[in-house]
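One structure is given here, and the rest of the page talks about it.
All residue numbers refer to positions in the sequence shown, counting from 1.
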Amino acid sequence: MHGDAQRKSDAESDRYVPVNKGNYSLDTPEREAEFDRRRGAGHMEAYLENRRQWHALPQSLEFPEFPLLVDIELSSVCNLKCPMCYTITSAFKEKVNARLMDFGLFRRIVDEIGGKVFAIRLSLRGEPTMHPRFLDCVRYAKEKGILEVSSLTNGSKLRNPEFCRQLVESGIDWLTVSADGVGRTYEKIRGPIKFDEIREGLASLVRARREAGSEKPAIKVQGIWPAMEKDPDSYYQAYSPVSDLVAFNPLVDYMREIPEDILAYEEDFACPMIFQRLVIAADGKAMMCANDEENDHPVGDANEQGIAEIWNGQKLRSYRETHLEKDGFRKIDICRRCYLPRRTREEHHTVAGRPLIVRNYVNRRDFATSIDGIQEKEQP
């Protein structure tokens, strides 16, 4: 582990280091445990140690020789135009050269980190299953000793039962499917995919897993809270039978609609991400973190550098040092706009008869995308 006496001294203070902030379960403790069991099946001891480090290292302000997770963005291109997504904005389109990752670059990255990095995630800003070699990437990573391979998808490809079968056979460990709302709400946001299609696609994946006699992939469904808050019971009832875990996210200000002078922050924030994970964009550029959606703060280039070199390099180290300062995040523009240091307020709801606490961002609701106001999408 890297770190020094000053870091450890700082870690003893009451810093706010929000690990996994913004990702909340809508589910029961029993199903959460079953999801974890499936996710770690086949390498449970390593999985539990990775989970321990995932939470502990940011708190101690230390980082390992290699990241715990490497996000490898197979695609910065998407086949949907969801109204709350930054990829539809002119700023994103002007700044980001949306593309698919070169398979040779992917292999070079995996060749270096195989057996050294526990997990990779094959997604970030676009839809990864648009990459024609998505399944090859999963297989290659598993062959090279990556214990956990995961991805986030809009689920459009799950409408093909043969893809579901091949996905199970590829050995992918964990799949998160974004599904915002049910019925017409889902179709307003996620069209042209139909609500019945996404549920059947998920059911097809569950069947393929059962027929293969496999524990994997662990299947998580998640959506934004505003798309389900009028009836969270219906959301849970719709997706729990075709998944292992149902979750939700408060709506994040990815569209940068909120004036900076009214942003409210938690006290003494330090970012956990820069101690946990490294992000490689589809063009090979290393991003400061997963929330630098326009790649304004590159820290290296995987076309020319190795993962270890970037992870331990001066650029990323300098950002870590800045975050060690009290309110140091305020010195970095993208960090000031990030949801991680943002103050939240608790709202109390119920789902399936169970109490549910929703932590929405202060001042966010006034600027939230109005689900009711989204225009119906034309169907092809």
Do Arg15 and Asp268 meet the salt-bridge criterion of a basic N to acidic O distance under 4.0 Å? yes
How many angstroms lie between atom OG1 of Thr322 and atom CZ of Arg330, to the nearest 0.5 angstrom? 14.5 Å
Sequence neighbours excluded, which residues qualify as side-chain hydrogen bond (donor to acceptor under 3.5 Å, both in side chains) partners of [X]?
{"X": "Asn249", "result": "Asn23"}
{"X": "Asp283", "result": "none"}
{"X": "Gln314", "result": "none"}
{"X": "Gln237", "result": "none"}

Give me the ring orientation class for His323 and Phe329: parallel if the planes are under 30° apart, tilted from 30 to 60°, perpendicular past 60°. parallel
Applying ring-ring contact (aromatic ring centres under 6.0 Å, His included) as the test, list every pair that has at least one member in [range]; sequence neighbours left out.
{"range": "residues 110-130", "result": "His43-Phe118"}
{"range": "residues 127-166", "result": "none"}
{"range": "residues 284-303", "result": "His297-Tyr319"}

Counterpart residues, ring-ring contact (aromatic ring centres under 6.0 Å, His included), relative to Tyr235 (two or more places apart): Tyr239
Shared hydrophobic cluster, Met130 / Leu74 (ILVMFWY, side-chain heavy atoms < 4.5 Å): no
Residue list, side-chain contact (heavy atoms from CB on, under 4.5 Å) with [X], at least two apart or on another chain:
{"X": "Lys116", "result": "Phe66"}
{"X": "Ala119", "result": "Leu69, Glu148"}
{"X": "Ser178", "result": "Leu152, Arg190, Gln222"}
{"X": "Gln166", "result": "Leu135, Arg139, Glu162"}

Looking at Lys142, I want to see if its NZ is surrounded by more than 12 non-hydrogen atoms of other residues, nucleotides or ligands under 6.0 Å. yes
As a test of understanding, state which of Arg39, Arg209, Arg31, Arg37 forms a salt bridge (charged side-chain N to carboxylate O under 4.0 Å, His left out) with Asp244. Arg209
Checking salt bridge (charged side-chain N to carboxylate O under 4.0 Å, His left out) between Arg125 and each of Glu294, Glu73, Glu293, which is the one that passes? Glu73
